[in-house]
Asks: 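Sharing a structure below in C-alpha coordinates format, with a few things to ask.
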2 protein chains.
Amino acid sequence: MKKYVIISNDIRNKILKGEYIANQRLPFEKDLCVQYESSKMTIKKAVDILVTEGLIIKRRGSGTFVKDLNPEEIERIAMANQFRGTTALYSDKKVFSKILNFSIVTVPEQAAKKLNLSEDTFVYDICRVRYVDDKPVVIEKMYMPIDLIPGIKEKNIKGSIYEYIENELHLKIQSAHRTVSVRKATDSEAEELGLEEGDPVAIAEQVGYLDTGNTFEFSTSIHRYDEFSVEMVLTRD
Amino acid sequence: MKKYVIISNDIRNKILKGEYIANQRLPFEKDLCVQYESSKMTIKKAVDILVTEGLIIKRRGSGTFVKDLNPEEIERIAMANQFRGTTALYSDKKVFSKILNFSIVTVPEQAAKKLNLSEDTFVYDICRVRYVDDKPVVIEKMYMPIDLIPGIKEKNIKGSIYEYIENELHLKIQSAHRTVSVRKATDSEAEELGLEEGDPVAIAEQVGYLDTGNTFEFSTSIHRYDEFSVEMVLTRD
DNA sequence: AAGTGGTCTAGACCACATT
DNA sequence: ATGTGGTCTAGACCACTTC
(Lines give C-alpha, C1' and ligand atoms only; values in the text may rest on other atoms or scores of the structure.)
Protein backbone atom coordinates (compact mmCIF):
# COMPACT_ATOMS: atom_id res chain seq x y z
CA MET A 1 0.00 0.00 0.00
CA LYS A 2 1.18 3.48 -0.84
CA LYS A 3 2.67 5.45 1.98
CA TYR A 4 0.72 8.63 1.30
CA VAL A 5 -2.56 6.68 1.31
CA ILE A 6 -1.67 5.09 4.63
CA ILE A 7 -0.83 8.46 6.12
CA SER A 8 -3.96 10.02 4.63
CA ASN A 9 -6.12 7.26 6.11
CA ASP A 10 -4.45 7.60 9.45
CA ILE A 11 -5.09 11.32 9.61
CA ARG A 12 -8.65 10.87 8.41
CA ASN A 13 -9.29 8.35 11.16
CA LYS A 14 -7.94 10.73 13.74
CA ILE A 15 -10.36 13.37 12.50
CA LEU A 16 -13.28 10.93 12.55
CA LYS A 17 -12.36 9.73 16.01
CA GLY A 18 -12.19 13.31 17.21
CA GLU A 19 -8.49 13.21 17.91
CA TYR A 20 -8.19 16.24 15.68
CA ILE A 21 -11.10 18.52 16.48
CA ALA A 22 -13.04 20.90 14.21
CA ASN A 23 -11.35 24.23 13.64
CA GLN A 24 -8.23 22.96 15.33
CA ARG A 25 -4.87 23.21 13.67
CA LEU A 26 -3.33 19.98 12.45
CA PRO A 27 0.34 19.39 13.17
CA PHE A 28 2.51 21.31 10.72
CA GLU A 29 3.67 19.38 7.71
CA LYS A 30 7.25 19.43 8.87
CA ASP A 31 6.16 17.76 12.12
CA LEU A 32 4.13 15.21 10.20
CA CYS A 33 7.31 14.51 8.20
CA VAL A 34 9.02 13.53 11.44
CA GLN A 35 6.02 11.68 12.85
CA TYR A 36 5.50 9.55 9.73
CA GLU A 37 9.17 9.46 8.75
CA SER A 38 8.36 10.86 5.34
CA SER A 39 9.45 13.60 3.04
CA LYS A 40 7.60 16.84 2.52
CA MET A 41 6.17 15.75 -0.84
CA THR A 42 4.70 12.57 0.60
CA ILE A 43 3.06 14.37 3.49
CA LYS A 44 1.69 17.00 1.16
CA LYS A 45 0.18 14.32 -1.05
CA ALA A 46 -1.44 12.64 1.94
CA VAL A 47 -2.85 15.87 3.31
CA ASP A 48 -4.04 17.02 -0.11
CA ILE A 49 -6.24 13.94 -0.40
CA LEU A 50 -8.14 15.15 2.64
CA VAL A 51 -8.33 18.66 1.21
CA THR A 52 -9.85 17.28 -1.98
CA GLU A 53 -12.30 15.25 0.05
CA GLY A 54 -13.28 18.45 1.79
CA LEU A 55 -12.34 17.40 5.31
CA ILE A 56 -9.65 19.98 5.97
CA ILE A 57 -8.39 23.25 4.58
CA LYS A 58 -4.91 24.64 4.23
CA ARG A 59 -3.73 28.21 4.54
CA ARG A 60 -0.25 29.00 3.38
CA GLY A 61 1.76 30.71 6.04
CA SER A 62 -0.72 29.74 8.68
CA GLY A 63 -1.31 26.01 8.83
CA THR A 64 -3.83 23.27 8.15
CA PHE A 65 -7.21 23.18 9.85
CA VAL A 66 -9.98 20.67 10.33
CA LYS A 67 -13.21 21.79 8.70
CA ASP A 68 -16.26 22.44 10.75
CA LEU A 69 -18.30 19.47 9.53
CA ASN A 70 -21.15 17.55 11.04
CA PRO A 71 -20.96 13.74 11.06
CA GLU A 72 -23.50 13.28 8.25
CA GLU A 73 -21.45 15.50 6.01
CA ILE A 74 -18.36 13.47 6.76
CA GLU A 75 -20.24 10.27 5.99
CA ARG A 76 -21.27 11.67 2.62
CA ILE A 77 -17.78 12.70 1.75
CA ALA A 78 -16.65 9.12 2.00
CA MET A 79 -19.29 8.12 -0.55
CA ALA A 80 -18.93 10.98 -3.01
CA ASN A 81 -17.45 10.65 -6.48
CA GLN A 82 -17.32 6.89 -6.38
CA PHE A 83 -18.08 4.95 -9.51
CA ARG A 84 -20.17 1.92 -8.71
CA GLY A 85 -22.78 -0.06 -10.51
CA THR A 86 -26.22 -0.68 -9.07
CA THR A 87 -25.23 -4.09 -7.74
CA ALA A 88 -22.25 -2.72 -5.83
CA LEU A 89 -24.18 0.35 -4.67
CA TYR A 90 -26.87 -1.74 -3.05
CA SER A 91 -24.54 -4.53 -2.02
CA ASP A 92 -26.47 -5.18 1.18
CA LYS A 93 -29.75 -5.59 -0.67
CA LYS A 94 -31.26 -8.01 -3.14
CA VAL A 95 -30.70 -6.76 -6.69
CA PHE A 96 -32.07 -8.39 -9.81
CA SER A 97 -32.92 -7.40 -13.36
CA LYS A 98 -35.96 -7.72 -15.56
CA ILE A 99 -34.72 -7.86 -19.12
CA LEU A 100 -36.70 -5.79 -21.60
CA ASN A 101 -34.34 -6.22 -24.52
CA PHE A 102 -31.10 -8.01 -25.25
CA SER A 103 -29.94 -8.02 -28.84
CA ILE A 104 -27.09 -7.15 -31.13
CA VAL A 105 -27.62 -4.29 -33.56
CA THR A 106 -25.60 -1.93 -35.70
CA VAL A 107 -24.87 1.02 -33.51
CA PRO A 108 -27.50 3.81 -33.54
CA GLU A 109 -26.24 7.24 -34.49
CA GLN A 110 -26.23 8.85 -31.03
CA ALA A 111 -24.48 5.89 -29.47
CA ALA A 112 -21.92 5.81 -32.29
CA LYS A 113 -21.02 9.39 -31.46
CA LYS A 114 -20.72 8.74 -27.75
CA LEU A 115 -18.78 5.54 -28.18
CA ASN A 116 -16.72 7.01 -31.02
CA LEU A 117 -17.50 4.12 -33.33
CA SER A 118 -18.02 4.02 -37.05
CA GLU A 119 -21.65 3.62 -38.10
CA ASP A 120 -21.40 -0.02 -39.09
CA THR A 121 -20.17 -1.45 -35.79
CA PHE A 122 -22.12 -4.08 -33.91
CA VAL A 123 -23.08 -3.35 -30.33
CA TYR A 124 -25.14 -5.01 -27.65
CA ASP A 125 -28.44 -3.25 -27.17
CA ILE A 126 -29.42 -3.95 -23.60
CA CYS A 127 -32.42 -2.66 -21.75
CA ARG A 128 -33.24 -3.84 -18.28
CA VAL A 129 -35.13 -2.77 -15.19
CA ARG A 130 -33.17 -3.06 -11.98
CA TYR A 131 -35.08 -4.11 -8.88
CA VAL A 132 -33.75 -3.49 -5.37
CA ASP A 133 -35.56 -5.42 -2.66
CA ASP A 134 -38.29 -6.22 -5.18
CA LYS A 135 -38.94 -2.59 -5.99
CA PRO A 136 -38.10 -1.21 -9.45
CA VAL A 137 -35.66 1.67 -9.11
CA VAL A 138 -34.05 2.24 -12.48
CA ILE A 139 -34.37 1.45 -16.18
CA GLU A 140 -30.99 1.03 -17.84
CA LYS A 141 -30.47 1.21 -21.58
CA MET A 142 -26.93 0.50 -22.60
CA TYR A 143 -24.84 0.00 -25.67
CA MET A 144 -21.50 -1.79 -25.63
CA PRO A 145 -19.29 -2.78 -28.58
CA ILE A 146 -19.26 -6.56 -28.94
CA ASP A 147 -15.60 -6.53 -29.95
CA LEU A 148 -14.53 -4.92 -26.72
CA ILE A 149 -16.84 -6.82 -24.39
CA PRO A 150 -17.29 -10.23 -25.95
CA GLY A 151 -19.43 -13.09 -24.77
CA ILE A 152 -22.20 -11.43 -22.80
CA LYS A 153 -25.01 -13.87 -22.14
CA GLU A 154 -28.44 -13.34 -20.73
CA LYS A 155 -27.35 -14.63 -17.35
CA ASN A 156 -24.70 -11.87 -17.15
CA ILE A 157 -27.14 -9.07 -17.69
CA LYS A 158 -29.45 -10.50 -15.06
CA GLY A 159 -26.67 -9.79 -12.59
CA SER A 160 -23.88 -7.29 -12.63
CA ILE A 161 -22.40 -6.49 -16.03
CA TYR A 162 -19.50 -4.67 -14.40
CA GLU A 163 -18.64 -7.78 -12.44
CA TYR A 164 -18.63 -9.79 -15.66
CA ILE A 165 -16.35 -7.27 -17.32
CA GLU A 166 -13.91 -7.11 -14.46
CA ASN A 167 -13.96 -10.63 -13.05
CA GLU A 168 -14.54 -12.80 -16.13
CA LEU A 169 -13.04 -10.71 -18.91
CA HIS A 170 -10.36 -9.32 -16.60
CA LEU A 171 -10.73 -5.84 -18.00
CA LYS A 172 -10.32 -2.82 -15.79
CA ILE A 173 -12.99 -0.14 -15.67
CA GLN A 174 -11.28 3.17 -15.19
CA SER A 175 -13.72 6.05 -15.20
CA ALA A 176 -16.99 7.41 -16.46
CA HIS A 177 -18.40 10.73 -17.54
CA ARG A 178 -21.93 11.29 -16.35
CA THR A 179 -24.56 13.89 -17.06
CA VAL A 180 -27.56 14.06 -14.77
CA SER A 181 -30.79 15.75 -15.78
CA VAL A 182 -34.46 15.61 -14.92
CA ARG A 183 -37.67 15.18 -16.88
CA LYS A 184 -41.14 13.64 -16.79
CA ALA A 185 -41.55 9.91 -17.14
CA THR A 186 -43.07 8.65 -20.35
CA ASP A 187 -46.00 6.31 -20.23
CA SER A 188 -43.94 3.15 -20.59
CA GLU A 189 -41.22 4.31 -18.19
CA ALA A 190 -43.85 5.06 -15.57
CA GLU A 191 -45.29 1.62 -15.98
CA GLU A 192 -41.96 -0.15 -15.52
CA LEU A 193 -41.03 1.94 -12.51
CA GLY A 194 -44.42 1.85 -10.87
CA LEU A 195 -44.97 5.56 -11.28
CA GLU A 196 -47.71 7.70 -12.76
CA GLU A 197 -47.18 9.15 -16.22
CA GLY A 198 -45.57 12.58 -15.88
CA ASP A 199 -43.98 11.78 -12.53
CA PRO A 200 -40.37 12.98 -12.19
CA VAL A 201 -37.46 10.79 -13.22
CA ALA A 202 -33.72 11.46 -13.02
CA ILE A 203 -31.77 10.73 -16.18
CA ALA A 204 -28.11 9.75 -15.92
CA GLU A 205 -26.31 9.56 -19.23
CA GLN A 206 -23.01 7.87 -18.83
CA VAL A 207 -20.00 7.10 -20.99
CA GLY A 208 -17.66 4.54 -19.46
CA TYR A 209 -13.96 3.94 -20.14
CA LEU A 210 -11.62 1.05 -19.63
CA ASP A 211 -8.10 1.59 -18.40
CA THR A 212 -7.02 1.07 -21.96
CA GLY A 213 -8.78 4.32 -22.81
CA ASN A 214 -11.40 2.54 -24.87
CA THR A 215 -14.98 3.65 -24.52
CA PHE A 216 -16.84 0.52 -23.54
CA GLU A 217 -20.27 1.76 -22.57
CA PHE A 218 -22.87 4.36 -23.36
CA SER A 219 -25.81 4.12 -21.07
CA THR A 220 -28.88 6.04 -20.11
CA SER A 221 -30.44 5.32 -16.74
CA ILE A 222 -33.93 6.42 -15.86
CA HIS A 223 -34.26 6.55 -12.10
CA ARG A 224 -37.33 6.68 -9.88
CA TYR A 225 -37.25 10.15 -8.38
CA ASP A 226 -37.57 8.89 -4.82
CA GLU A 227 -34.63 6.51 -5.17
CA PHE A 228 -32.09 8.86 -6.64
CA SER A 229 -29.50 11.20 -5.27
CA VAL A 230 -25.96 12.10 -6.08
CA GLU A 231 -23.19 13.73 -4.07
CA MET A 232 -20.50 16.10 -5.26
CA VAL A 233 -17.63 18.10 -3.92
CA LEU A 234 -17.07 21.24 -5.95
CA THR A 235 -13.99 23.38 -5.75
CA ARG A 236 -13.47 26.91 -6.84
CA ASP A 237 -10.13 26.58 -8.56
CA MET B 1 1.65 30.72 -13.07
CA LYS B 2 2.58 27.25 -11.94
CA LYS B 3 4.79 25.30 -14.26
CA TYR B 4 2.74 22.11 -14.13
CA VAL B 5 -0.42 24.03 -15.02
CA ILE B 6 1.31 25.65 -17.97
CA ILE B 7 2.52 22.28 -19.18
CA SER B 8 -0.87 20.71 -18.57
CA ASN B 9 -2.59 23.46 -20.57
CA ASP B 10 -0.08 23.12 -23.35
CA ILE B 11 -0.63 19.40 -23.66
CA ARG B 12 -4.41 19.83 -23.45
CA ASN B 13 -4.29 22.34 -26.28
CA LYS B 14 -2.29 19.97 -28.40
CA ILE B 15 -4.94 17.32 -27.86
CA LEU B 16 -7.76 19.74 -28.67
CA LYS B 17 -5.96 20.95 -31.77
CA GLY B 18 -5.47 17.38 -32.87
CA GLU B 19 -1.71 17.49 -32.57
CA TYR B 20 -2.02 14.46 -30.34
CA ILE B 21 -4.62 12.19 -31.86
CA ALA B 22 -7.07 9.78 -30.19
CA ASN B 23 -5.58 6.47 -29.18
CA GLN B 24 -2.12 7.75 -30.02
CA ARG B 25 0.69 7.53 -27.52
CA LEU B 26 1.84 10.75 -25.93
CA PRO B 27 5.57 11.37 -25.67
CA PHE B 28 7.03 9.45 -22.73
CA GLU B 29 7.35 11.37 -19.52
CA LYS B 30 11.11 11.35 -19.68
CA ASP B 31 10.90 13.01 -23.09
CA LEU B 32 8.42 15.56 -21.79
CA CYS B 33 10.94 16.27 -19.03
CA VAL B 34 13.46 17.26 -21.68
CA GLN B 35 10.94 19.10 -23.85
CA TYR B 36 9.60 21.21 -20.99
CA GLU B 37 12.88 21.33 -19.07
CA SER B 38 11.19 19.95 -15.99
CA SER B 39 11.67 17.20 -13.47
CA LYS B 40 9.76 13.94 -13.46
CA MET B 41 7.47 15.03 -10.61
CA THR B 42 6.42 18.19 -12.38
CA ILE B 43 5.61 16.38 -15.61
CA LYS B 44 3.70 13.75 -13.72
CA LYS B 45 1.63 16.42 -11.99
CA ALA B 46 0.85 18.11 -15.31
CA VAL B 47 -0.13 14.86 -17.01
CA ASP B 48 -2.17 13.70 -14.03
CA ILE B 49 -4.38 16.76 -14.34
CA LEU B 50 -5.41 15.55 -17.76
CA VAL B 51 -5.94 12.04 -16.42
CA THR B 52 -8.26 13.41 -13.75
CA GLU B 53 -10.12 15.43 -16.36
CA GLY B 54 -10.58 12.24 -18.28
CA LEU B 55 -8.74 13.30 -21.44
CA ILE B 56 -5.98 10.72 -21.35
CA ILE B 57 -5.10 7.46 -19.66
CA LYS B 58 -1.82 6.08 -18.42
CA ARG B 59 -0.57 2.52 -18.38
CA ARG B 60 2.48 1.76 -16.34
CA GLY B 61 5.14 0.08 -18.37
CA SER B 62 3.41 1.05 -21.56
CA GLY B 63 2.83 4.76 -21.88
CA THR B 64 0.22 7.48 -21.91
CA PHE B 65 -2.59 7.54 -24.45
CA VAL B 66 -5.15 10.04 -25.64
CA LYS B 67 -8.67 8.89 -24.92
CA ASP B 68 -11.08 8.22 -27.69
CA LEU B 69 -13.39 11.16 -27.05
CA ASN B 70 -15.76 13.05 -29.28
CA PRO B 71 -15.61 16.86 -29.27
CA GLU B 72 -18.80 17.30 -27.21
CA GLU B 73 -17.38 15.10 -24.50
CA ILE B 74 -14.21 17.18 -24.44
CA GLU B 75 -16.25 20.36 -24.20
CA ARG B 76 -18.11 18.97 -21.20
CA ILE B 77 -14.96 17.95 -19.43
CA ALA B 78 -13.83 21.55 -19.39
CA MET B 79 -17.07 22.53 -17.64
CA ALA B 80 -17.33 19.68 -15.16
CA ASN B 81 -16.80 20.00 -11.44
CA GLN B 82 -16.71 23.78 -11.50
CA PHE B 83 -18.27 25.68 -8.65
CA ARG B 84 -20.12 28.71 -9.98
CA GLY B 85 -23.13 30.68 -8.88
CA THR B 86 -26.10 31.26 -11.17
CA THR B 87 -24.84 34.68 -12.20
CA ALA B 88 -21.47 33.33 -13.29
CA LEU B 89 -23.00 30.26 -14.88
CA TYR B 90 -25.20 32.34 -17.13
CA SER B 91 -22.70 35.15 -17.56
CA ASP B 92 -23.75 35.76 -21.14
CA LYS B 93 -27.40 36.14 -20.21
CA LYS B 94 -29.52 38.53 -18.22
CA VAL B 95 -29.88 37.29 -14.64
CA PHE B 96 -32.01 38.90 -11.98
CA SER B 97 -33.73 37.92 -8.75
CA LYS B 98 -37.23 38.24 -7.41
CA ILE B 99 -36.93 38.38 -3.65
CA LEU B 100 -39.47 36.33 -1.75
CA ASN B 101 -37.94 36.77 1.66
CA PHE B 102 -35.02 38.59 3.18
CA SER B 103 -34.81 38.63 6.94
CA ILE B 104 -32.63 37.80 9.90
CA VAL B 105 -33.74 34.94 12.12
CA THR B 106 -32.31 32.61 14.73
CA VAL B 107 -31.03 29.66 12.81
CA PRO B 108 -33.54 26.83 12.19
CA GLU B 109 -32.56 23.42 13.44
CA GLN B 110 -31.67 21.79 10.14
CA ALA B 111 -29.58 24.76 9.04
CA ALA B 112 -27.84 24.89 12.41
CA LYS B 113 -26.74 21.32 11.87
CA LYS B 114 -25.49 21.93 8.36
CA LEU B 115 -23.75 25.16 9.26
CA ASN B 116 -22.49 23.73 12.54
CA LEU B 117 -23.84 26.63 14.54
CA SER B 118 -25.29 26.73 18.01
CA GLU B 119 -29.06 27.13 18.10
CA ASP B 120 -29.11 30.76 19.10
CA THR B 121 -27.09 32.16 16.22
CA PHE B 122 -28.51 34.78 13.87
CA VAL B 123 -28.53 34.03 10.18
CA TYR B 124 -29.84 35.66 7.05
CA ASP B 125 -32.89 33.89 5.75
CA ILE B 126 -32.93 34.54 2.04
CA CYS B 127 -35.35 33.22 -0.50
CA ARG B 128 -35.27 34.38 -4.07
CA VAL B 129 -36.30 33.29 -7.53
CA ARG B 130 -33.58 33.59 -10.15
CA TYR B 131 -34.64 34.62 -13.64
CA VAL B 132 -32.47 34.01 -16.67
CA ASP B 133 -33.54 35.91 -19.77
CA ASP B 134 -36.83 36.71 -18.02
CA LYS B 135 -37.64 33.07 -17.38
CA PRO B 136 -37.69 31.70 -13.82
CA VAL B 137 -35.24 28.83 -13.53
CA VAL B 138 -34.52 28.28 -9.86
CA ILE B 139 -35.77 29.07 -6.37
CA GLU B 140 -32.93 29.53 -3.91
CA LYS B 141 -33.39 29.35 -0.16
CA MET B 142 -30.23 30.11 1.73
CA TYR B 143 -29.01 30.65 5.25
CA MET B 144 -25.77 32.46 6.04
CA PRO B 145 -24.42 33.49 9.45
CA ILE B 146 -24.50 37.27 9.79
CA ASP B 147 -21.23 37.26 11.72
CA LEU B 148 -19.34 35.66 8.87
CA ILE B 149 -21.00 37.53 6.02
CA PRO B 150 -21.86 40.94 7.41
CA GLY B 151 -23.66 43.78 5.70
CA ILE B 152 -25.81 42.07 3.09
CA LYS B 153 -28.37 44.48 1.72
CA GLU B 154 -31.33 43.93 -0.50
CA LYS B 155 -29.41 45.20 -3.50
CA ASN B 156 -26.78 42.48 -3.01
CA ILE B 157 -29.26 39.66 -3.11
CA LYS B 158 -30.84 41.06 -6.25
CA GLY B 159 -27.51 40.37 -7.92
CA SER B 160 -24.78 37.90 -7.13
CA ILE B 161 -24.22 37.12 -3.47
CA TYR B 162 -21.00 35.32 -4.29
CA GLU B 163 -19.67 38.44 -5.99
CA TYR B 164 -20.52 40.45 -2.88
CA ILE B 165 -18.72 37.96 -0.67
CA GLU B 166 -15.62 37.82 -2.81
CA ASN B 167 -15.33 41.35 -4.20
CA GLU B 168 -16.70 43.50 -1.39
CA LEU B 169 -15.96 41.45 1.69
CA HIS B 170 -12.76 40.06 0.16
CA LEU B 171 -13.45 36.57 1.45
CA LYS B 172 -12.48 33.56 -0.57
CA ILE B 173 -14.99 30.84 -1.36
CA GLN B 174 -13.18 27.56 -1.38
CA SER B 175 -15.53 24.66 -1.98
CA ALA B 176 -19.00 23.28 -1.61
CA HIS B 177 -20.62 19.94 -0.92
CA ARG B 178 -23.70 19.35 -2.98
CA THR B 179 -26.43 16.72 -2.95
CA VAL B 180 -28.74 16.52 -5.93
CA SER B 181 -32.09 14.81 -5.78
CA VAL B 182 -35.42 14.92 -7.55
CA ARG B 183 -39.04 15.33 -6.49
CA LYS B 184 -42.37 16.84 -7.44
CA ALA B 185 -42.89 20.56 -7.23
CA THR B 186 -45.19 21.81 -4.52
CA ASP B 187 -48.01 24.12 -5.40
CA SER B 188 -46.13 27.29 -4.52
CA GLU B 189 -42.90 26.16 -6.16
CA ALA B 190 -44.76 25.38 -9.36
CA GLU B 191 -46.27 28.82 -9.35
CA GLU B 192 -42.96 30.61 -8.95
CA LEU B 193 -41.27 28.53 -11.62
CA GLY B 194 -44.15 28.59 -14.06
CA LEU B 195 -44.75 24.86 -13.78
CA GLU B 196 -47.74 22.70 -13.05
CA GLU B 197 -48.09 21.25 -9.57
CA GLY B 198 -46.43 17.84 -9.47
CA ASP B 199 -44.05 18.65 -12.31
CA PRO B 200 -40.46 17.49 -11.69
CA VAL B 201 -37.92 19.70 -9.97
CA ALA B 202 -34.26 19.08 -9.21
CA ILE B 203 -33.19 19.82 -5.66
CA ALA B 204 -29.59 20.83 -4.98
CA GLU B 205 -28.70 21.05 -1.32
CA GLN B 206 -25.42 22.76 -0.88
CA VAL B 207 -23.08 23.56 1.99
CA GLY B 208 -20.45 26.17 1.13
CA TYR B 209 -17.06 26.79 2.71
CA LEU B 210 -14.69 29.69 2.82
CA ASP B 211 -10.97 29.17 2.51
CA THR B 212 -10.83 29.71 6.26
CA GLY B 213 -12.73 26.44 6.62
CA ASN B 214 -15.80 28.21 7.94
CA THR B 215 -19.16 27.07 6.68
CA PHE B 216 -20.72 30.20 5.24
CA GLU B 217 -23.77 28.92 3.42
CA PHE B 218 -26.48 26.30 3.53
CA SER B 219 -28.73 26.52 0.56
CA THR B 220 -31.44 24.54 -1.15
CA SER B 221 -32.09 25.25 -4.80
CA ILE B 222 -35.23 24.12 -6.55
CA HIS B 223 -34.59 23.98 -10.27
CA ARG B 224 -37.00 23.82 -13.19
CA TYR B 225 -36.52 20.36 -14.60
CA ASP B 226 -35.90 21.61 -18.11
CA GLU B 227 -33.17 24.00 -17.03
CA PHE B 228 -31.09 21.69 -14.96
CA SER B 229 -28.20 19.39 -15.61
CA VAL B 230 -24.97 18.52 -13.92
CA GLU B 231 -21.76 16.91 -15.15
CA MET B 232 -19.45 14.55 -13.31
CA VAL B 233 -16.30 12.59 -13.88
CA LEU B 234 -16.29 9.45 -11.77
CA THR B 235 -13.23 7.33 -11.17
CA ARG B 236 -12.97 3.80 -10.00
CA ASP B 237 -10.15 4.08 -7.48
C1' DA C 1 16.52 -7.13 -20.15
C1' DA C 2 15.08 -2.72 -21.14
C1' DG C 3 11.94 0.71 -20.65
C1' DT C 4 7.71 2.57 -18.84
C1' DG C 5 5.16 5.14 -15.16
C1' DG C 6 4.72 5.28 -9.68
C1' DT C 7 6.58 6.45 -5.27
C1' DC C 8 9.64 8.57 -2.31
C1' DT C 9 13.54 11.41 -0.62
C1' DA C 10 16.40 15.53 0.76
C1' DG C 11 16.84 19.80 -0.09
C1' DA C 12 16.36 24.32 -2.72
C1' DC C 13 13.72 28.45 -3.35
C1' DC C 14 9.26 31.07 -3.33
C1' DA C 15 4.75 33.32 -1.64
C1' DC C 16 2.33 34.30 2.02
C1' DA C 17 0.73 35.01 7.00
C1' DT C 18 1.92 36.20 11.72
C1' DT C 19 1.26 30.84 15.74
C1' DA D 1 11.96 38.14 10.81
C1' DT D 2 10.35 33.68 11.19
C1' DG D 3 7.81 29.99 9.86
C1' DT D 4 4.11 28.20 7.11
C1' DG D 5 2.64 25.59 2.95
C1' DG D 6 3.68 25.48 -2.51
C1' DT D 7 6.65 24.32 -6.23
C1' DC D 8 10.41 22.20 -8.27
C1' DT D 9 14.64 19.38 -8.85
C1' DA D 10 17.77 15.30 -9.39
C1' DG D 11 18.01 11.04 -8.47
C1' DA D 12 16.90 6.44 -6.06
C1' DC D 13 14.17 2.42 -6.14
C1' DC D 14 9.91 -0.25 -7.34
C1' DA D 15 6.03 -2.41 -10.29
C1' DC D 16 4.67 -3.39 -14.44
C1' DT D 17 4.85 -4.29 -19.93
C1' DT D 18 7.08 -5.33 -23.70
C1' DC D 19 7.43 0.77 -26.74
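Below, chain A is the first sequence line, B the second, and so on; all start at residue 1. What you see is a predicted model; the values in this text were computed from it and never measured.
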Asks: Using the side chain to side chain contact (heavy atoms under 4.5 Å, CB included) rule, pick out the option among V51(B), V47(B), L32(B) that qualifies with T64(B).
Replies: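 It is V47(B); the other options fail the test.
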Asks: Can you check the L26(B) CG to dG5(C) P distance for me, whole Å?
Replies: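 It is 9 Å, rounded to the nearest whole Å.
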Asks: Separation of I43(B) atom CD1 from dT7(C) atom C1', in whole Å?
Replies: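 That distance rounds to 17 Å.
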Asks: Taking OP1 and OP2 of dT7(C), is either one under 4.0 Å from a side-chain nitrogen or oxygen of Y4(A)?
Replies: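 So the side-chain polar atoms of Y4(A) do come within 4.0 Å of the phosphate oxygens OP1 or OP2 of dT7(C), strictly under.
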Asks: Decide yes or no, distance alone: a donor-acceptor N/O pair under 3.5 angstrom between the base of dT4(C) and the side-chain of R59(B).
Replies: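 Between dT4(C) and R59(B), which were checked side chain against base, a qualifying N/O pair under 3.5 Å is absent.
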Asks: Touch check for K44(A), heavy atoms < 4.0 angstrom, all strands: base, sugar-phosphate only, or nothing?
Replies: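 Base contact.
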Asks: Closest approach to the side chain of K58(A), judged atom by atom: which nucleotide of dG6(D), dT7(D), dA17(C) is it?
Replies: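 Minimum distance to the K58(A) side chain belongs to dG6(D).
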Asks: Parallel, tilted or perpendicular: which describes the rings of H177(A) and Y209(A), with under 30° parallel and over 60° perpendicular?
Replies: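 Correct class here is tilted.
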Asks: Would you indicate what F28(B) reaches in the nucleic acid, counting non-hydrogen atoms under 4.0 angstrom: base, sugar-phosphate, or nothing?
Replies: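 Base: the residue F28(B), judged by heavy atoms under 4.0 Å, touches a nucleobase.
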Asks: Would you kindly compare K2(A) and R25(A) by the position of their nearest DNA chain C nucleotide and give the one closer to the 5′ end?
Replies: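 Comparing both residues, the 5'-ward one is K2(A).
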Asks: Whole angstroms only, please: what is the NZ-P distance between K45(B) and dG6(D)?
Replies: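 Rounding to the nearest Å, NZ of K45(B) and P of dG6(D) are 9 Å apart.
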Asks: With respect to the side chain of S39(A), which nucleotide from dT9(C), dT9(D), dT4(C) is positioned closest?
Replies: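 So the side chain of S39(A) is nearest to dT9(C).
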Asks: Just checking K3(A): base, sugar-phosphate only, or nothing, at a heavy-atom cut-off of under 4.0 Å?
Replies: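 Touches sugar-phosphate only.
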Asks: In this structure, how many angstroms lie between the P atom of dG5(D) and the CG atom of L32(A), rounded?
Replies: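 Roughly 8 Å, once rounded to whole Å.
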Asks: Taking NZ from K172(A) and P from dT17(D), how many angstroms apart are they, rounded to a whole number?
Replies: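 These atoms are roughly 11 Å apart.
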Asks: Closest approach to the side chain of T42(A), judged atom by atom: which nucleotide of dT7(D), dC8(C), dT4(D) is it?
Replies: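 Of the candidates, dC8(C) comes closest.
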Asks: Identify the residue among K45(B), K58(B), K44(B) that makes a salt bridge (Lys or Arg N to Asp or Glu O under 4.0 Å) with E29(B).
Replies: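 Single salt bridge (Lys or Arg N to Asp or Glu O under 4.0 Å) partner of E29(B) among K45(B), K58(B), K44(B): K58(B).
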Asks: Okay, side chain of K114(A), backbone of V207(A): is any donor-acceptor separation there less than 3.5 Å?
Replies: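 No; zero donor-acceptor contacts below 3.5 Å.
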Asks: Picking from dG11(C), dG5(C), dT4(D), which would you name as closest to the side chain of R60(A)?
Replies: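 From the listed options, dT4(D) comes nearest.
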Asks: Atom NZ of K30(A) and atom P of dA12(C): how far apart are they, to the nearest Å?
Replies: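 After rounding, the gap between these two atoms is 17 Å.
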Asks: How close or far is atom C1' of dA17(C) from atom CD1 of I57(A), stated in whole angstroms?
Replies: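 Interatomic distance, CD1 of I57(A) to C1' of dA17(C): 13 Å.
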Asks: Between the base of dG6(C) and the side chain of K40(B), is there any donor-acceptor pair under 3.5 Å?
Replies: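 In this structure, the two groups form a donor-acceptor pair.
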Asks: Is the Y143(A) ring parallel, tilted or perpendicular to the F218(A) ring (thresholds 30°, 60°)?
Replies: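 Rings of Y143(A) and F218(A): parallel, as their planes differ by under 30°.
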Asks: M41(A) CE to dA10(C) C1': how many Å, rounded?
Replies: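 Nearest whole value for this atom pair: 12 Å.
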